Visitor: 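My questions will all concern the structure given below.
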Amino acid sequence: MTDTSRYRLVLAALSLAVVLLFLMSLATGPAAIGFADSMRALLSGDAYEITLIMREIRLPRAILGLMVGATLGLSGAVLQGYLRNPLAEPGLLGISATASLGAVLTIYTGVSLVFPLALPLAALAGAGVAVLVVRAMAGGSGGTLSIILAGIALSAFAGAMTSLALNLSPNPFAAMEIVFWMLGSLTDRSMIHVSLAAPFMVLGWVMLALTARALDALTLGASAAASLGFDLRRTQLLAVGGTAASVGAATAVAGAIGFVGLVVPHILRPLVGSMPSRLLPASALGGAAMLLAADILVRLIAPERDLKLGVLTAMVGAPFFLWLIWRSRRTML
Amino acid sequence: MTLLAVSDLHADLGRREVLHGISFTVSEGEFVGLIGPNGAGKTTLLRAILGLTPSKGTVIIGNEVKPAPRVQARLVSYLPQEREIAWPVTVERVVALGRAPHLPGFAAPGEADLAAIRSAMRRMEVEDFAQRAATELSGGEQARVLIARALAQEAPLMLADEPAAGLDPAHQIALMKIFAGLADEGSSVVACLHDLGLAARFCTRLILLQDGRIVADGAPRDVLTDELLRSSYGVKSFLGEHEGGLIVQPFDLADGSGHGG
């Protein structure tokens with residue numbers, strides 16, 4: 001089949017882009033280190049300054065960019081396929097909002113100052129609560145509308161609680177820290193963040209990947225998919241649980257980063273013949289590439305100002321999304 | 001051999017009981033038309049048989065009560081009334097989805113699967129647009145693509161909900177002949193039909209459903225009587241013969257049927 005070879009080409013091109021952007025991310029930063037020197041330092045075992053910069057600052061940042069981007073792209077593709085709605089994105093289920101709320105509460109109470117890991121852990125707990133609520137609302141029947149509505153309600157509530165924390169914040173610095181954290185960033189993350197997030201993300205990716213075949217069948221609607229032998233309760237558990245584990249972990253270490261999960265599946269869908277299962281690996285790679293690129297850009301555009309990653313993705317993503325809608329407006333209902 | 005045995009099936013939608021104790025069996029080689037007025041419970045009956053709607057009673061498919069989903073999917077194919085194709089995937093890929101119950105895990109389709117896909121596309125005359133996006137086709141063409149998907153499943157029993165709706169007369173008749181052909185080959189088809197003319201002409205057996213109960217079950221000539229059509233549908237009908245086949249054409253509301261007019 002010709003479309004299969006084109007699909008392989010798309011995956012190969014995206015993989016190459018991810019590798020190149022990963023290396024570029026490693027080579028980007030305020031310390032002026034040549035590319036060859038930086039790579040040599042990364043691979044050598046000595047304890048010079050360059051090696052420390054590479055291993056303790058740039059490597060975790062690049063790894064997190066890769067993992068967070070892949071998470072957002074993959075979960076966006078799964079949710080769009082599962083809900084059969086091109087507007088679905090990881091934030092829709094309320095997982096990003098509740099994870100943010102968990103993190104914000106640790107900043108608000110000052111716990112994160114005493115025990116820094118409390119922040120990501122509380123974010124993960126927030127994501128866990130979101131799953132329980134969404135699953136309880138959706139019931140076992142696999143209805144998608146109640147999932148969307150529960151997610152919207154949950155996002156609104158978590159948003160209100162976050163605003164309340166800001167409203168009542170003990171001092172302007174705490175409020176400032178909450179706001180900056182919510183903008184989303186990969187600055188100053190360490191290998192501890194990587195090792196904290198990685199298990200949840202990998203677990204989430206496996207769960208999300210297992211939905212692939214069912215997502216293809218869901219193209220024909222829930223009844224047809226069920227009659228083709230797919231257990232839609234299992235698919236729902238995998239899609240919602242996988243999103244919670246991976247996006248919860250991503251939010252825990254990087255804050256809320258919007259638009260990647262929405263835009264990436266959109267861009268790549270036509271390139272993979274619109275098959276939901278094929279969109280999953282493509283979207284994971286595409287998300288990683290986009291987030292690595294954005295994280296390189298924030299460092300190049302304003303090296304002194306600590307431009308936030310989430311600000312850039314939304315700033316570039318939203319107009320791009322408008323353009324996508326404009327381009328396809330004739331084929332939409 | 002019996003492919004489907006339903007006994008004392010009850011189902012409710014919300015608080016309203018829609019099926020009140022349905023019992024029937026379907027054997028190999030039967031093309032059963034499920035007829036009855038709107039709200040009689042035809043769709044609910046098909047969904048209850050498949051386990052898509054909760055129900056009480058016994059449904060035996062093949063030799064098993066409540067087979068595992070994948071096992072059931074190899075025994076029964078289902079063509080829902082709503083014709084949904086969510087993404088612009090090619091016609092060939094839509095039809096290929098019918099092979100899902102036969103493919104373990106992430107396996108790619110083998111020779112037998114590809115043959116089944118090709119044969120189903122040929123039968124429904126959708127080969128010419130195999131590589132076009134299914135969402136760009138007309139309603140009738142999409143309907144044929146989805147029927148091809150169900151045929152590709154190659155299950156011995158097919159449950160079809162209004163398969164002929166939205167097709168032109170030639171494709172309606174062609175479809176009924178395909179279903180009759182499947183029955184001749186030893187498969188069975190149970191189809192909800194609103195077109196009594198098609199039901200009369202092509203089905204080997206009709207089940208007339210009214211208010212969640214079977215009011216008649218038998219050969220088309222025994223079920224499609226003026227009396228039964230008046231009492232169940234509330235219509236007067238022309239019943240005749242043409243080239244040895246039964247012709248049924250409702251032409252007016254029956255008096256005092258309560259259907260207004």
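Per chain, numbering begins at 1; letters A, B, ... match sequence-line order. Owing to the predicted nature of the structure, the values given are computational and were not obtained by experimental measurement.
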Visitor: Under 4.5 Å from any heavy atom of chain B, what part of A:P276 do you find: side chain, backbone, both or neither?
Guide: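 Contact with chain B is through the side chain of A:P276 alone.
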Visitor: Given that the side chain runs from C-beta out, which part of B:V76 has a heavy atom under 4.5 Å from chain A: side chain, backbone, both or neither?
Guide: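 Only the backbone of B:V76 comes within 4.5 Å of chain A.
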Visitor: Output the option from A:D231, A:N85, A:T219 having the highest count of non-hydrogen pairs under 4.5 Å with chain B.
Guide: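 Maximum pair count with chain B is reached by A:T219.
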Visitor: Just checking B:E185: does its CD atom have more than 12 heavy atoms from other residues, nucleotides or ligands closer to it than 6.0 angstrom?
Guide: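 For B:E185, atom CD is crowded (more than 12 foreign heavy atoms under 6.0 Å).
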Visitor: So which heavy atom on B:Q153 is nearest to which on A:S227, and how close?
Guide: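 Closest approach of B:Q153 to A:S227: NE2-O, 3.7 Å.
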Visitor: If you take all heavy atoms of B:R47 and A:S223, which pair is closest and at what distance?
Guide: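 In terms of heavy atoms, the two residues are closest at NH1-OG, 2.8 Å.
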Visitor: Assess whether a salt bridge exists between B:R93 and A:D3, defined as any Lys/Arg side-chain N lying under 4.0 Å from an Asp/Glu carboxylate O.
Guide: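 Salt bridge flag = yes for A:D3 with B:R93.
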Visitor: Using heavy-atom distances under 4.5 Å, tell me whether A:A209 contacts chain B through its side chain, its backbone, both, or neither.
Guide: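 Contact with chain B involves the backbone of A:A209 alone.
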Visitor: Are there more than 12 heavy atoms of other residues, nucleotides or ligands under 6.0 Å from atom CG of B:N63?
Guide: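 No, not enclosed.
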Visitor: Nearest 0.5 angstrom please: B:R74 CZ to A:L228 CG, how far?
Guide: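 One gets 12.0 Å once the value is rounded to the nearest 0.5 Å.
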Visitor: Pick from B:A133, B:P80, B:P88, B:A150: which one has the most heavy-atom pairs with chain A under 4.5 Å?
Guide: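 Most pairs with chain A among the choices: B:P88.
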Visitor: If I measure from the heavy atoms of chain A, does B:E136 come under 4.5 Å with its side chain, its backbone, both, or neither?
Guide: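 It is neither, since no heavy atom gets under 4.5 Å.
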Visitor: Does the ring of B:W87 carry A:R269 above it, NZ/CZ under 6.0 angstrom from centre and within 45° of its axis?
Guide: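 Flagged: A:R269 positioned over aromatic ring of B:W87.
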Visitor: Quick check for you: to the nearest 0.5 Å, what is the distance between A:L220 atom CG and B:R149 atom CZ?
Guide: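 The distance works out to 6.0 Å.
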Visitor: Side chain, backbone, both or neither: which part of B:L146 has a heavy atom under 4.5 Å from chain A?
Guide: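 Looking at B:L146, just its side chain touches chain A.
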Visitor: Would you give the length of the straight line joining atom CE of A:M275 to atom CG of B:L97, rounded to the nearest 0.5 angstrom?
Guide: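 Taking CE in A:M275 and CG in B:L97, the distance rounds to 5.5 Å.
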Visitor: For A:F22, I'd like to know if atom CZ has over 12 heavy atoms of other residues, nucleotides or ligands within 6.0 Å.
Guide: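 Correct, the count exceeds 12.
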